[in-house]
Asks: 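Take a look at this one; I'll ask things after.
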Amino acid sequence: MRIATWNVNSVKQRQEHLLRFLKEEAPDVVCLQELKCQDDAFPRLELDGTGYNIAVRGQKSFNGVAILSKRPMEDIQLRLPGDDSDEQARFIEALVPGDKGVVRIACIYLPNGNPAPSEKYSYKLAWMDRLHAHTRARLREEEPFVIAGDFNVIPEPKDAARPEQWVNDALFLPPTREKFRSLLHLGLCDALRATTDADGIYTFWDYQAGAWQKNNGIRIDHMLLSPQAADRLRSVTVVRHTRGWDKPSDHVPLMAELDV
DNA sequence: ATGGCGATATACTATCGA
């Protein structure tokens, strides 16, 4: 099963890129973030010919997440547990069948949190605490479980071309990285880091100041795997060339192949 | 120190992202 995650920065603006990506890479599952549209504005008709099933949690203007799956999904959850008053569309989860078994996939758009300190940063840290609690509960089920998405976390200095630019940023501050490590320490595996220790692997390049041309990137899109999913990991790919397309998203897809 | 770019709604400007 090929699982991809991609922050598209407006699914309507990136519709043609999405169709090209689906055609070129033929992923079985795609987790999308930053749809920037409501449910009824998701380009379902435009995706009709591709044969993907669609689960959406949209929102006006900002945020918004979706899962596309070749096989029909079950047990779709639209909210991250832990705060019924949270209206931001940042979480969607589904059970996806594979050839040999099922995988539960959570698609997340973790809050950016800038500036720090601020209410936004507090919201980010609280959201990470909720993700920790939810993950702990899911791991007790001892199933293949994948958290895929835009984590807005730079885990280590080697995950940034210029780490000194990020020292006061919500993506790289010590409390952010501590909570990310705490999540991993529940027993999850960072899929990319299971395949390589190399630096210079990025998933985001800012639109500004020629970041792409200078390769001034950061690695903030991740896939975290439960032990039962990690056992089935075959390969991980950053689909870097999409950043060079005309009018690209500032993020590129991350893709993992699981033997499921 | 700032803005630089791109998207959306509040729309000839403000907010958000990272």
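The sequence lines fix the lettering, A, B, ..., with proteins before strands; numbering per chain opens at 1.
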Asks: Taking for each residue the nucleotide of DNA chain B bearing the nearest heavy atom, is the 5' side occupied by I218(A) or by K12(A)?
Replies: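 Its nearest nucleotide lies further toward 5', so the answer is K12(A).
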
Asks: Are N9(A) and dG6(B) close enough that a side-chain N or O sits under 4.0 Å from OP1 or OP2?
Replies: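 False: N9(A) side-chain N/O out of range (4.0 Å or more) of dG6(B) OP1/OP2.
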
Asks: In whole Å, I'd like the distance from the CD atom of Q13(A) to the P atom of dC5(B).
Replies: 17 Å

Asks: Report the residue (Q208(A) or I220(A)) whose heavy-atom-nearest nucleotide on DNA chain B is the more 5′ of the two.
Replies: Q208(A)

Asks: Under 4.0 Å from OP1 or OP2 of dA7(B): is there any side-chain N or O of R14(A) that close?
Replies: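 For R14(A), the contact criterion (side-chain N or O under 4.0 Å from OP1 or OP2 of dA7(B)) is met.
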
Asks: Please classify the nucleic acid contact of N152(A) as base, sugar-phosphate, or nothing, using heavy-atom distances under 4.0 Å.
Replies: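 If one applies the 4.0 Å heavy-atom cut-off, N152(A) turns out to touch the sugar-phosphate alone, with no base involved.
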
Asks: It should be established whether H251(A) places a side-chain nitrogen or oxygen under 4.0 Å from OP1 or OP2 of nucleotide dA18(B).
Replies: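 Result: yes.
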
Asks: Using a heavy-atom cut-off of 4.0 Å across all strands, would you classify N216(A) as base, sugar-phosphate, or nothing?
Replies: nothing

Asks: Check whether any side-chain nitrogen or oxygen of K120(A) sits under 4.0 Å from OP1 or OP2 of dG17(B), and answer yes or no.
Replies: yes

Asks: Return the value, rounded to whole Å, for the distance between atom CG of N114(A) and atom P of dC16(B).
Replies: 12 Å

Asks: Just how far, in rounded Å, is C1' of dA18(B) from CG of D221(A)?
Replies: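 Rounded to whole Å, this separation is 11 Å.
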
Asks: When you compare the side chains of S226(A) and E143(A), does any donor N or O come within less than 3.5 Å of an acceptor on the partner?
Replies: no

Asks: Using a 4.0 Å heavy-atom cut-off across all strands, classify Y109(A) as base, sugar-phosphate, or nothing.
Replies: sugar-phosphate

Asks: For the residue pair Y123(A) / S118(A), report whether a side-chain donor-acceptor contact shorter than 3.5 Å exists.
Replies: no

Asks: With C1' as the reference atom in both, quote the distance from dC12(B) to dG17(B) in angstrom, rounded to an integer.
Replies: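 Each nucleotide's C1' atom is 23 Å from the other's.
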
Asks: Would you say that R104(A) contacts E93(A) through its side chain, given a criterion of any heavy-atom pair below 4.5 Å between the two side chains?
Replies: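 Side chain of R104(A) against side chain of E93(A), heavy atoms only: contact under 4.5 Å found.
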
Asks: Could you state the CD-P distance from Q33(A) to dA7(B), rounded to the nearest angstrom?
Replies: 17 Å

Asks: In whole angstrom, what separates D250(A)'s CG from dC16(B)'s P?
Replies: 17 Å

Asks: From CZ of R243(A) over to C1' of dG6(B), roughly how many Å is that when rounded to an integer?
Replies: 10 Å

Asks: Taking the same atom, P, in dG3(B) and in dT8(B), what whole-Å distance lies between them?
Replies: 23 Å

Asks: Does D150(A) reach a base, just sugar-phosphate, or nothing at all? Heavy atoms under 4.0 Å.
Replies: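 D150(A): backbone/sugar contact only, no base atoms under 4.0 Å.
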
Asks: Using the P atom on both, measure dA11(B) against dT15(B) and round to a whole Å.
Replies: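 Roughly 12 Å separates the two P atoms.
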
Asks: Expressed in angstrom and rounded to an integer, what is the separation of Y123(A) atom OH from dG17(B) atom C1'?
Replies: 14 Å

Asks: Quick one: is N112(A) getting a side-chain N or O under 4.0 Å of the dG17(B) phosphate, OP1 or OP2?
Replies: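 No, no such contact exists.
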
Asks: Distance check needed: dG17(B) C1' versus Q165(A) CD, whole Å only.
Replies: 16 Å

Asks: With sugar-phosphate meaning primed atoms plus P, OP1 and OP2, does K60(A) contact a base, only sugar-phosphate, or nothing at under 4.0 Å between heavy atoms?
Replies: sugar-phosphate

Asks: How far, in whole Å, is dA18(B) from dA14(B) if one measures between their P atoms?
Replies: 22 Å

Asks: Side-chain N or O of Y121(A) versus OP1/OP2 of dA18(B): is the shortest distance under 4.0 Å?
Replies: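 Result: no.
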
Asks: Nearest to the F62(A) side chain among dG6(B), dA18(B), dT10(B), which nucleotide is it?
Replies: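 It is dT10(B).
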
Asks: Which of the following nucleotides, dC5(B), dA18(B), dA7(B), is nearest to the side chain of Y207(A)?
Replies: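 My answer, after comparing the listed nucleotides, is dC5(B).
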
Asks: Under 3.5 Å, is there a donor on one side chain and an acceptor on the other for D250(A) and W205(A)?
Replies: no

Asks: When the P atoms of dT2(B) and dA7(B) are compared, how many Å lie between them, rounded to an integer?
Replies: 26 Å

Asks: Compute whether any side-chain donor of one residue and acceptor of the other, for N9(A) and Q33(A), lie under 3.5 angstrom apart.
Replies: no

Asks: Taking only side-chain nitrogens and oxygens of S10(A), does any of them come within less than 4.0 Å of OP1 or OP2 of dT8(B)?
Replies: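 So the side chain of S10(A) is within the cut-off, an N or O lying under 4.0 Å from OP1 or OP2 of dT8(B).
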
Asks: Parallel under 30°, tilted from 30 to 60°, perpendicular over 60°: which one fits the rings of F91(A) and H134(A)?
Replies: perpendicular

Asks: Step by step, would you call L68(A) with L32(A) a side chain to side chain contact (heavy atoms under 4.5 Å, CB included)?
Replies: CA-CA 8 Å; L68(A) 313 182; L32(A) 299 173; 4.2 Å; yes

Asks: Work out how far the P atom of dT13(B) is from that of dA1(B), and round it to whole angstrom.
Replies: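 Straight-line distance between the two P atoms is 29 Å.
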
